[in-house]
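Presented below is the structure to which this report refers.
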Amino acid sequence: MTELRVVEVAEEYLDSVFEVRTRSFGPGGDKDEWKKSARQFIADGRYLGVVDGDELVAAARIWPLEQWWGGRRVANGGVAGVVVAPEYRGRGVGSLLMRAVLDRCAEKGYPLTSLYPATTVLYRRLGYEFAGSRHLYTFQAADLRTLGGNGTAVRKAGRDDADLFLELAGKVHETRRSNGPLVWPRAQVESWLEDDNSFAYVAEDGFVVYKWSDRELAVEELIAGSEETARALWATVGSGASIAKTVEACCPPFDAIHLMAEHEATGKSWQNRWMLRLVDAPAALAGRGFPDGVVLEADLRIDDPELPANTGDWHLSVGNGSARLTAAEPSSDALRLGPRGLAALYAGTPLATLRGAGLAAGGAAPADAAFDAAFGGPAPYMLDDF
Ligand SMILES: CC(C)(COP(=O)(O)OP(=O)(O)OC[C@H]1O[C@@H](n2cnc3c(N)ncnc32)[C@H](O)[C@@H]1OP(=O)(O)O)[C@@H](O)C(=O)NCCC(=O)NCCS
């Protein structure tokens, strides 16, 4: 090894990145298509690598996402494609790369970052913690077919509906005070909607996107602002019941479909957990929504060795549906958190759980219930992997 350096991934590194990805994740599909997508990350400094001399030995990219928290959108750097060449693993290369990724998220102004971990060790070291899940359920197509909603107008949708889809999803997540779902860049939504193998339908207050998966159907996203629309959209998918016996769907465990389908979701089901980290604690807290009527005044002591701007004595005020984190004098009553405890708290993990896992200490015990009330809400979920 000569000197390892973090670099911007540039066009001349793309063949090497593709090769390291193939060694890390298996055969990676069409190289030209992958390169096309990689160039979008290169274009605005969201693809970082590590080189040993001239040789690229690691890479990671950052999706420019937003995420719903308490019914408000907070910018989030979605970290993906973290790979280290096999012969360089176990020597701190992944950690070097991920530190640069965190700094880049800060430079880009993302108050949050999230990822799906293939191993937790690397990411916990750097302050990420589990915050929510992506759930898949399998329903009987015949159950969905008979859900009704025949009086609701449903039309085929396409690329030009991207803005409408973003608006409809936004309305639902705002009203439901959703935690976790992602907002993708419009270009990404457009590319999904123009995919010939995806079928999209839209109603006045909702939409569905689904596709074939072998001989079964798979719902990627279904947004419904009302019971009638939910029935109509699920029934549109279920109308394929003569061919597909089952419909897989990514949806949260508390989705209304669980209360409408006659049979409990069975068969293939799983959950995939994602991790969160606060990059800029004051901005992340100011960006998040909180339940109306909840009031919390508490001192915090945050110790964040990787992102020292978060370290310090703070006062947290929650009221009128919003929060403010301001620098404060040290307090013996302060709740003490590291970045992992802070991320899990932000995602609504009860304080008793954080104390039980050693991720929170101190604080005035009666305030625990107020923290839980402020940060609690619908369980965080995502519909998409990245
Ligand atoms: C996961 C990966 C990126 C780690 O890179 P790396 O350069 O080996 O990571 P580091 O050397 O900085 O390791 C940091 C810590 O994570 C631990 N770690 C790394 N890989 C691990 C694994 N697979 N299982 C458990 N711990 C692991 C290391 O042991 C180290 O902890 P330690 O200091 O206590 O020993 C690399 O192994 C890789 O490319 N794997 C294949 C692709 C992949 O899984 N990518 C992650 C997608 S989320």
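We count ligands from 1, going down the list as the structure has it; atoms in each ligand are counted the same way.
More than 12 heavy atoms of other residues, nucleotides or ligands sit less than 6.0 Å from atom CG of Asp313. With a 6.0 Å radius and a threshold of 12 heavy atoms from other residues, nucleotides or ligands, Glu12 has its CD atom above the threshold.
In this structure Asp44 satisfies the side-chain hydrogen bond (donor to acceptor under 3.5 Å, both in side chains) test together with Arg46, sequence neighbours excluded.
The six-membered or imidazole ring of Phe254 lies near that of Tyr381, with a centre-to-centre distance under 6.0 Å.
Within 4.0 Å of ligand 1, the residues that place a heavy atom are Ser24, Phe25, Val82, Val83, Val84, Arg89, Gly90, Arg91, Gly92, Val93, Gly94, Ser95, Tyr116, Ala118, Thr119, Val121, Leu122, Tyr123, Arg125, listed by chain and number.
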Quiz item: Please walk me through it: do Phe139 and His258 pass ring-ring contact (aromatic ring centres under 6.0 Å, His included)?
Solution: CA-CA 9 Å; Phe139 298 97; His258 297 287; 5.6 Å; yes
Quiz prompt | Steps toward ring-ring contact (aromatic ring centres under 6.0 Å, His included) verdict (Phe207, Tyr201) | solution = CA-CA 6 Å; Phe207 62 84; Tyr201 289 89; over 10 Å; no
